[in-house]
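Here's the structure we're looking at; comments come further down.
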Amino acid sequence: MPADKSHRFPSALNSAVARCWQTASVPPGWNLTREQFQRALERSVTRRFPDSLPDDRVVAGYLESLHLSDLALACACSAGDSAAWEYFIEHYRPELYRAARVILSKAGGGDAKARDLADSPYADLYGLRESSDGSRRSLFDYFHGRSKLTTWLHAILAQRHVDEIRRTQKMESLDDPGNSDSEPADLPETKTAPLDPERDAYLAMMQACVTAALRDLAPRDRLRLAYYYVDDLTLAQIGKLLGEHEATVSRKLDRTRADLRHCVEVALREEKKLSEAQLRLCFEYARQQWPFDLTRALSARD
């Protein structure tokens with residue numbers, strides 16, 4: 001475990017923690033205690049509010065926005081619980097493989113490479129590599145519940161793919177040092193550096209514009225998006241709830257997504273005064289790893 005320098009919750013937040021624990025619905029077989037879960041909540045809050053704890057109501061609202069069942073699973077897996085790990089393997093390994101195939105599809109990678117990529121995070125997730133102080137350190141400790149666990153895992157796979165491309169290119173440049181006049185090999189769009197000091201500013205602009213665009217959607221369009229992205233319903237299930245044909249649901253989702261992108265682009269150009277190059281960079285940073293959980297904005301049921 002990383003050194004825990006998290007904020008400690010005051011007793012006033014006990015009821016909020018209790019609600020989170022109940023919502024997480026942790027299976028008894030995972031042997032995860034409420035105290036362990038609270039430590040995970042405290043780490044998440046510290047990540048969101050690094051300087052100091054805000055008002056208790058703000059903290060409680062933040063806690064309720066988290067993907068609590070996913071956070072509990074990550075916490076139990078980090079602790080090395082075998083039952084939690086069996087659940088993770090059964091329910092998430094197929095999704096990791098599917099995501100790896102999507103990531104490698106543009107690069108022409110086959111099933112074998114997809115399986116290698118999908119399996120690559122397991123040692124770090126389990127914590128087989130020791131930290132400098134000799135303790136076991138799980139990658140799950142860095143999941144804070146702000147996004148779905150699947151979204152977080154997809155981002156890990158995408159970053160590992162980019163890292164491998166960069167490593168391979170470095171090796172090729174060492175193997176052929178005299179080829180300095182050749183054109184550099186194309187990197188995927190994720191080549192934009194996360195160390196860019198403007199990255200956080202671009203992402204903040206994107207978050208503000210996306211949130212505003214979602215708020216301005218027609219209630220039925222926002223509800224359709226919420227069913228699809230928040231509730232994970234199929235097109236057929238959404239159609240039954242809204243009285244629409246499955247094809248109609250698909251068509252209207254496509255239209256809403258296109259409208260959202262247009263509104264966001266207009267806001268970034270006209271309100272945020274971004275150039276075309278800055279606009280592309282803003283979308284690229286968001287595409288690399290969307291760091292915001294818009295569940296609450298989508299969940300508004302008018």
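Shown here for Met205 and Leu274, the closest heavy-atom pair between the two residues is SD-CD2, 3.9 Å. Residues Pro10 and Leu53 approach most closely at CD-CD1, 3.9 Å, considering heavy atoms. Among all heavy-atom pairs drawn from Thr23 and Ser69, the shortest one is O-OG, 3.9 Å. Closest non-hydrogen pair, Leu32 versus Cys75, comes out as CD1-SG, 3.6 Å. Summarising the geometry of Ile103 relative to Ala158, their closest heavy-atom pair is CD1-N, 3.6 Å, with the distance given to 0.1 Å. Leu268 and Cys282 make their closest contact through CD1-SG, 4.1 Å (heavy atoms, listed as atom of the first residue, atom of the second, distance).
Of the possible polar contacts, one joining the Asn14 side chain to the Ser11 backbone as a donor-acceptor pair under 3.5 Å is found. Between the side chain of Thr211 and the backbone N or O of Gln207, at least one donor-acceptor pair lies under 3.5 Å. With Gln278 contributing its side chain and Ser275 its backbone, the two residues share a donor-acceptor pair below 3.5 Å. Between the side chain of Ser138 and the main chain of Leu125, a donor-acceptor pair closer than 3.5 Å is present. The backbone N or O of Tyr142 lies less than 3.5 Å from no partner atom in the side chain of Arg47, so there is not a single donor-acceptor pair.
Once rounded to the nearest 0.5 Å, the distance linking CG of Leu139 with CD1 of Ile156 reads 4.5 Å. Note that CG of Asp56 and OG of Ser15 are 9.0 Å apart. Values are rounded to the nearest 0.5 Å. Here the CG atom belonging to Leu242 is positioned 5.5 Å from the CG atom belonging to Leu223, to the nearest 0.5 angstrom. Rounding to the nearest 0.5 Å places SG of Cys20 at 9.0 Å from CG of Leu71. Rounded to the nearest 0.5 Å, atoms CG (Leu260) and CG (Leu253) are 10.5 Å apart.
For the pair Val59 and Pro54, the minimum side-chain heavy-atom distance is below 4.5 Å. Side-chain contact between Leu73 and Tyr92 is present, with at least one heavy-atom pair separated by less than 4.5 Å. Residues Arg146 and Leu66 meet the side-chain proximity criterion, which asks for heavy atoms closer than 4.5 Å. Side-chain contact between Phe143 and Leu149 is present, with heavy atoms from C-beta onward closer than 4.5 Å. Residues Tyr228 and Leu235 have side chains in contact (heavy-atom distance under 4.5 Å, counting atoms from C-beta outward).
Hydrophobic clustering places Ile89 together with Tyr87 (ILVMFWY residues linked when any side-chain heavy atoms are closer than 4.5 Å, directly or through intermediates). Hydrophobic clustering (side-chain heavy atoms under 4.5 Å, transitive across Ile, Leu, Val, Met, Phe, Trp, Tyr) groups Phe49 together with Leu68. The cluster map of Ile, Leu, Val, Met, Phe, Trp and Tyr, joined by side-chain heavy atoms under 4.5 Å apart, puts Val58 and Val17 in the same cluster. Under a hydrophobic clustering in which Ile, Leu, Val, Met, Phe, Trp and Tyr are joined whenever their side-chain heavy atoms come within less than 4.5 Å, directly or via other members, Leu225 and Leu241 fall into the same cluster.
Using the six-membered ring where Trp is involved, Tyr122 and Phe88 have ring planes that are perpendicular, over 60° apart on the 30 and 60° scheme.
The closest side-chain donor-acceptor pair between Tyr62 and Ser44 falls under 3.5 angstrom. Residues Asp111 and Tyr97 bring a donor and an acceptor atom of their side chains to less than 3.5 Å of each other.
A ring-centre distance under 6.0 Å is found for Phe140 and Trp85.
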Practice item. Could you walk me through whether Asp116 and Lys113 pass salt bridge (Lys or Arg N to Asp or Glu O under 4.0 Å), step by step? Key: CA-CA 5 Å; Asp116 287 344; Lys113 289 186 177 180; over 6 Å; no
Review point. Checking salt bridge (Lys or Arg N to Asp or Glu O under 4.0 Å) for the pair Lys272/Glu265: CA distance, chi angles, key distance, verdict?
Key: CA-CA 10 Å; Lys272 307 301 183 182; Glu265 287 181 350; over 6 Å; no
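In this structure, Arg261 forms a cation-pi arrangement with Phe283, its terminal cationic atom sitting closer than 6.0 Å to the ring centre and no more than 45° off the ring axis.
More than 12 non-hydrogen atoms from other residues, nucleotides or ligands lie less than 6.0 angstrom from CZ of Arg257.
Lys252 has no carboxylate O lying under 4.0 Å from a charged side-chain N of Asp259, or vice versa, which leaves the two without a salt bridge. Of the charged side-chain nitrogens involved, at least one lies within less than 4.0 Å of a carboxylate oxygen, so that Arg220 and Glu244 count as a salt-bridged pair.
Screening Gln36, Glu35, Glu42 against Arg39 for a side-chain hydrogen bond (donor to acceptor under 3.5 Å, both in side chains) leaves a single residue, Glu42.
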